[in-house]
Amino acid sequence: EQKVSVSVFSLAEKENRLKDNALQNEEQEIETRFQIALRSPVKLSQNSLPAFTTEWPSLNGNEVSGTDLKIANKHLESAEAGLNLEKSESWPDLSIGPRFEIETAVQGQTEFRAGIALSLPLPIYQANGAGRAKARSNLERETMTLAYTKDLLTQEKKILRASYDRAVALMKKMADTKSIEAQHRDLHNLLNRGVVSAPLVIESHRQLLEYYENLHEEEIKGVRALWRTYALENRILKEEIK
């Protein structure tokens with residue numbers, strides 16, 4: 001039985017070493033992304049992360065006003081300007097001003113005439129119908145795009161709010177780390193006394209790791225939903241993680 005226990009512990013150790021290597025590679029990738037973004041060396045540590053907490057900010061009902069909506073508004077303004085431009089080109093340019101003429105007759109006499117000249121290019125009734133129709137169609141398209149974008153972002157915000165509330169509620173319910181750590185210490189005390197089998201010890205540690213992985217995954221979901229909501233409300237630069 002002791003030989004089997006040693007074999008089981010050895011396999012579990014190798015499995016954990018593989019997981020540890022994968023986590024180190026992931027940490028290195030994250031550091032590299034930070035170094036590229038900040039253009040300076042970055043070394044992650046436990047102090048780089050905020051402490052785990054169950055006190056999360058509440059999301060109020062601010063209107064959607066993020067970058068995506070602003071871009072759609074700019075496109076609509078551009079379409080309105082294009083339509084106004086096409087309308088201005090519906091009429092030919094009218095020019096009016098003084099006019100002087102000097103005419104020399106056959107007998108050598110010079111005749112001088114002055115007056116006002118009115119110039120109106122043909123065709124007089126040019127209405128630029130094709131240009132106005134195209135600009136009006138573009139304006140209608142951008143109006144529909146703006147309405148669609150606002151509805152889409154509003155629905156996304158509702159989904160993010162629901163995901164955020166679920167994550168926060170679940171973390172508040174599950175984050176009883178003190179009792180879990182106490183149970184872990186009790187397990188090691190029983191292991192040292194030789195009254196717990198190897199498979200049970202390994203399974204207990206595996207469940208403990210899965211618990212913390214799932215807990216941290218919910219924390220990441222909550223953080224992502226929170227900051228995406230801040231971005232949709234155009235206040236991402238005004239908030240911070242405490």
Side-chain angles (χ1 to χ4, degrees), residues 5-59 66-68 156-157 159-192 196 198-242:
S5 297
V6 171
S7 177
V8 171
F9 279 128
S10 177
L11 290 175
E13 179 189 11
K14 293 177 180 179
E15 181 183 1
N16 286 330
R17 288 185 181 277
L18 292 174
K19 289 184 178 180
D20 182 66
N21 183 68
L23 290 175
Q24 289 183 13
N25 291 335
E26 182 180 358
E27 181 180 3
Q28 183 62 44
E29 292 176 0
I30 295 174
E31 287 183 352
T32 302
R33 290 200 298 268
F34 273 112
Q35 290 175 1
I36 294 174
L38 301 176
R39 297 184 179 181
S40 63
V42 174
K43 183 61 179 178
L44 297 179
S45 64
Q46 189 66 29
N47 296 329
S48 304
L49 300 175
F52 183 84
T53 179
T54 58
E55 300 297 328
W56 290 71
S58 59
L59 294 179
T67 304
D68 295 335
E156 181 185 359
K157 182 183 174 182
I159 296 174
L160 290 171
R161 174 66 181 271
S163 175
Y164 176 79
D165 290 342
R166 287 195 299 268
V168 171
L170 188 59
M171 283 186 290
K172 289 182 178 180
K173 183 178 180 180
M174 295 180 59
D176 187 10
T177 57
K178 292 184 179 180
S179 63
I180 295 175
E181 292 174 358
Q183 294 174 5
H184 189 208
R185 288 193 298 269
D186 292 340
L187 175 65
H188 277 267
N189 291 332
L190 295 174
L191 175 63
N192 293 331
V196 181
L200 184 59
V201 173
I202 294 174
E203 180 61 24
S204 176
H205 283 84
R206 181 177 289 111
Q207 289 182 356
L208 182 63
L209 290 175
E210 289 180 357
Y211 166 79
Y212 278 109
E213 287 177 354
N214 293 331
L215 183 63
H216 294 160
E217 184 177 351
E218 289 298 321
E219 183 184 18
I220 293 175
K221 289 180 180 179
V223 170
R224 287 176 176 171
L226 178 64
W227 283 97
R228 176 56 181 166
T229 302
Y230 286 159
L232 292 177
E233 295 177 354
N234 196 28
R235 57 192 182 107
I236 192 171
L237 298 179
K238 302 176 183 178
E239 305 293 341
E240 62 180 8
I241 296 180
K242 298 181 180 180

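Bear in mind that the values here come from a model prediction, so they are computed numbers and not experimental data. Side-chain atoms are counted along with the backbone in the values below, which use heavy atoms only and exclude waters and symmetry mates.
A distance-only check finds a donor-acceptor pair linking the side chain of N192 to the backbone of H188 [under 3.5 Å].
One finds a salt bridge joining E156 and R228 here, because a Lys/Arg side-chain nitrogen approaches an Asp/Glu carboxylate oxygen to under 4.0 Å.
Taking E233 as the reference, K157, R235 meet the salt bridge (Lys or Arg N to Asp or Glu O under 4.0 Å) condition, with sequence neighbours excluded. In this structure H216 satisfies the ring-ring contact (aromatic ring centres under 6.0 Å, His included) test with no other residue, sequence neighbours excluded. Scored by the side chain to side chain contact (heavy atoms under 4.5 Å, CB included) test, E203 finds R206, Q207 as partners (sequence neighbours excluded). Contacts of S58 classified as side-chain hydrogen bond (donor to acceptor under 3.5 Å, both in side chains), with partners at least two apart in sequence or in another chain: none. Under the side chain to side chain contact (heavy atoms under 4.5 Å, CB included) criterion, N16 pairs with K19, L209, not counting sequence neighbours.
In this structure, Y230 and L237 have side chains that are not in contact, with every pair of non-hydrogen atoms separated by 4.5 Å or more. With contacts defined as side-chain heavy-atom distances shorter than 4.5 Å, the pair I202/L11 does not qualify. In this structure, the side chains of R161 and T229 stay at 4.5 Å or more apart for every pair of heavy atoms.
Atom NE2 in H184 sits 6.5 Å away from atom OG in S204 (nearest 0.5 Å). Here the straight-line distance linking atom CG of L200 with atom OG of S5 works out to 11.0 Å at 0.5 Å rounding.
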Compile the donor-acceptor pairs under 3.5 Å between side chains in residues 27-35 and protein atoms, sequence neighbours left out, one pair per line.
from: E31; atom 1: OE2; to: L44; atom 2: N; distance (Å): 3.1
from: T32; atom 1: OG1; to: Q28; atom 2: O; distance (Å): 2.9
from: Q35; atom 1: NE2; to: V42; atom 2: O; distance (Å): 3.3

